[in-house]
Every structure is written in structure tokens, then in C-alpha cells.
Protein chains: 2
Amino acid sequence: MKPTLITNQIRSLRFTAGEMTQADLADRIGVTRQTVIAIEQGRYSPSLEIAFRIAHVFGVGLDDVFQYPSSLPEEPA
Amino acid sequence: MKPTLITNQIRSLRFTAGEMTQADLADRIGVTRQTVIAIEQGRYSPSLEIAFRIAHVFGVGLDDVFQYPSSLPEEPA
DNA sequence: ACACCGAGTCAAAGTTTCTTTACATGATCC
DNA sequence: GGATCATGTAAAGAAACTTTGACTCGGTGT
């Protein structure tokens, strides 16, 4: 798997959003617990669709959940 | 293939951003022309990583490029 | 001690996304 | 008419993402 460069605030958001467990979140966005764990730990970046569902659950924008390292070569050769 | 629910403004952005061709865009974000065509036509939603690169090329936020249908059941049973 | 819950790991199978190659169309230019 | 460019289609294969199931660990409660 490609190590992802994208970081996320899912863990923080889960706690600030009322002690939501990983299983809870997984359920709400319609994926498995494994997927939440992997994404939360940055093992890989989710599909855009799942990214949107996550942001939707927390009621924030995509950019509030995920961050792309600002200045990066378009495609590291 | 899963028909994607996410819409995007790539085509408009390409034109407002100075007559950029699909091949140009593909090159800048480091994917093939086919990928740009498929995403632009909504045949599938890109990975978060590619979504970020696209937004980055146009110098806008993710939400300016992609839109998720606002009120949708979290997971259509 | 035993059972439960939240979190994490691993591996295999399944689905979606991306690449590569090849060909088709309409527009434009020579 | 022939050449070129932008866009589009299709199919096979590779890579990435997601699921399933089994297992471990620390903390809490009975």
C-alpha cells in the first residue's frame, strides 16, 4: 500500500464530538471498523466519497478533516 | 462500477483557468488523460489524494471542486 | 477469575480506482 | 483530401481501497 501523505483530525473530532467510538463512527459513515482504524492512523487515504461522509458526520468541511501537505511537487518523480 | 454521487466543477475550472486541456490537467496532477475524463464525467470519484492535487492545481479548496449531495442517508440501505 | 468493551493487528478476498493501449469523432488548418 | 488536436470509448491489468473474520491487549465491572 502507498503510505499516505494526507493527515487527518478524525481522532480529535471523534472526542470533541461527544466520545464517539470508532465503531460508532464506522457505523455512521457506513464502513467497517477496520477502515476507520486504518484511515485514522493514516495507513491510507480514503476515497473521496468516504472522506465526504466523514466530514458530513462531524458537520465540518473536508479541509477541516483532511490536510494535504501544502507545497508538494505535483508528482514526485 | 459504482455510479458516483459526487459532482465536480473540473470542466468549468479548466476553462476559466485559461483553456487548459484535459491532457494538460492530467499532466499537472500526474495522472493519465483517461483518469481525468472519467472523473470529469463522474464515472467514479477520485481518491482523496488525487482530489487534493486537482484542487491544488486550480488553487481552490476541495469543496470548490467537488460537491457531495447535501442531505443523504449516511448509508442507503 | 471471568466477561465485556474499545482499540489495534494480521491476512485473505472482494471492489473500486487508475493505467495502458488502441481506436473513433468533430474541428481546424495546410 | 490529409494531418493534427481535443475529446470520447472500450478492455485488460495493476494498484489502491474496503470488507470479513480471527486474534491480542488493557481497562472496567461482576
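The structure presented is a predicted model; accordingly, all values stated were derived computationally and were not measured. Numbers restart at 1 for each chain; the letters A, B, ... are given by sequence-line order, proteins then strands.
The CD1-P distance, from A/Ile37 to D/dC25, rounds to 16 Å in whole Å. For B/Arg53 and C/dT17, the CZ to C1' distance is 13 Å, given to the nearest whole Å. Straight-line distance from the CG atom of A/Leu48 to the C1' atom of D/dT18: 16 Å, rounded to whole Å. Taking atom CD of residue B/Gln22 and atom C1' of nucleotide D/dC5, one finds them 12 Å apart after rounding to whole Å. The separation between A/Arg43 atom CZ and D/dT19 atom P is 14 Å, rounded to whole Å. Atom C1' of nucleotide C/dC5 and atom CD of A/Glu19 are separated by 14 Å, given to the nearest angstrom. One interatomic measurement links the two molecules: OH of B/Tyr44 to C1' of C/dT19, which rounds to 9 Å at whole-angstrom precision. Regarding B/Asp27, its CG atom lies at a distance of 12 Å from the P atom of C/dT20, rounded to whole Å.
Closest contact between the side chain of B/Val31 and the listed nucleotides C/dG8, D/dC17, C/dT19 involves C/dT19. Side-chain proximity of A/Gln41 to the nucleotides C/dT9, C/dG6, D/dG8 is greatest for C/dT9. Which of C/dT19, D/dT18, C/dT9 sits closest to the side chain of B/Thr32 comes down to C/dT19. The side chain of A/Gln34 sits closest to C/dC10 out of C/dC10, D/dT9, C/dT17. The listed nucleotides are D/dT18, D/dT7, C/dA7; the one nearest the side chain of B/Arg11 is D/dT7.
There is a path of hydrophobic side-chain contacts, each under 4.5 Å, that joins B/Ile50 to B/Tyr68.
Taking side-chain N and O atoms only, A/Ser47 has no distance below 4.0 Å to OP1 or OP2 of C/dT17.
Where A/Ile50 and B/Glu40 each meet DNA chain D at their nearest nucleotide, the meeting point lying more 5' is that of B/Glu40.
Remark: the backbone N or O of B/Val31 is not paired with any side-chain donor or acceptor of B/Thr35 at under 3.5 angstrom.
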Report task. Might you work through the side chain to side chain contact (heavy atoms under 4.5 Å, CB included) test for A/Thr21 and A/Leu25, ending with a clear yes or no? Result -> CA-CA 6 Å; A/Thr21 72; A/Leu25 177 57; over 6 Å; no

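Ion pair B/Glu19/B/Arg14 not flagged as a salt bridge, since none of the NZ, NE, NH1 or NH2 atoms sits closer than 4.0 Å to an Asp/Glu carboxylate oxygen.
No hydrogens or angles were tested; on distance alone, a donor-acceptor pair under 3.5 Å links the side chain of A/Arg33 to the base of C/dG8.
Within the 4.0 angstrom heavy-atom criterion, base atoms lie near A/Thr35.
Residues B/Met20 and B/Phe58 come closest through the heavy atom pair CE-CE2, 4.0 Å.
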